[in-house]
Amino acid sequence: QVQLVESGGGLVQPGGSLRLSCAASGSIFSINAMRWYRQAPGKERELVAAITSGGSTNYADSVKGRFTISRDNAKNTVYLQMNSLKPEDTAVYYCNADLRITGRINIGAYWGQGTQVTVSS
């Protein structure tokens, strides 16, 4: 019923930039917070950035000043602009959204399939 599809990952050199997108589709009534997580090999999944429906944001300390999260509510899409990328940013990046499906009362958490970001020279 609901899909979150990420795009924009790839291979980039240290110091470079990438922009990730995540579009939610399906029978969506409303979307609350949207988030980006990442998981590097052998490590736990960690929260990178989050944005509320009103536009308030928060970031992991490791990405503050380099990454920017934004959203387009009309398109049900969240973005992650990543600048000054470092090798330690290499991970699979996952989109997450708290949303309400049309006709249901409860709000559920939904995940995308992930997109690989590799920072290497």
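Membership of an apolar cluster is not assigned to Val5, as no side-chain contact below 4.5 Å to another ILVMFWY residue is traced. Other members of a hydrophobic cluster containing Tyr79 are absent, since no ILVMFWY side chain comes under 4.5 Å of it, directly or through relayed contacts.
Interatomic distance, CG of Asp89 versus CE of Met82, reported as 7.5 Å (0.5 Å rounding). Distance check: Arg35 CZ to Cys95 SG gives 10.0 Å after rounding to the nearest 0.5 Å. Here the straight-line distance linking atom CD of Glu46 with atom OG of Ser62 works out to 5.5 Å at 0.5 Å rounding. Taking OG1 from Thr115 and CG from Leu80, the interatomic distance works out to 11.0 Å, rounded to the nearest 0.5 Å.
Applying the ring-ring contact (aromatic ring centres under 6.0 Å, His included) test to residues at least two apart or on different chains, none of the pairs has a partner in residues 3-25. Residue pairs satisfying the side chain to side chain donor-acceptor pair (under 3.5 Å) criterion with at least one member in residues 2-21, sequence neighbours excluded, are listed as follows: Glu6-Gln113, Ser17-Asn83. Within the structure, the ring-ring contact (aromatic ring centres under 6.0 Å, His included) test picks out the following pairs touching residues 99-121 (sequence neighbours left out): Tyr37-Trp111.
In terms of modelled atom types and a separation under 3.5 Å, the side chain of Arg38 and the main chain of Val117 share no donor-acceptor contact. Using a distance-only test at 3.5 Å, with no hydrogens or angles considered, no donor-acceptor pair links the side chain of Thr90 to the main chain of Glu88.
The ring pair (Phe, Tyr, Trp, His ring centres under 6.0 Å) search around Tyr59 returns none, not counting sequence neighbours.
Considering only heavy atoms from C-beta on, Asn96 stays 4.5 Å or farther from Leu4 through its side chain. When side chains are defined from C-beta on, Val2 counts as touching Ile101, because their heavy atoms get closer than 4.5 Å.
Looking at Arg66 and Gln81, their side chains never bring a donor and an acceptor atom within 3.5 Å of each other.
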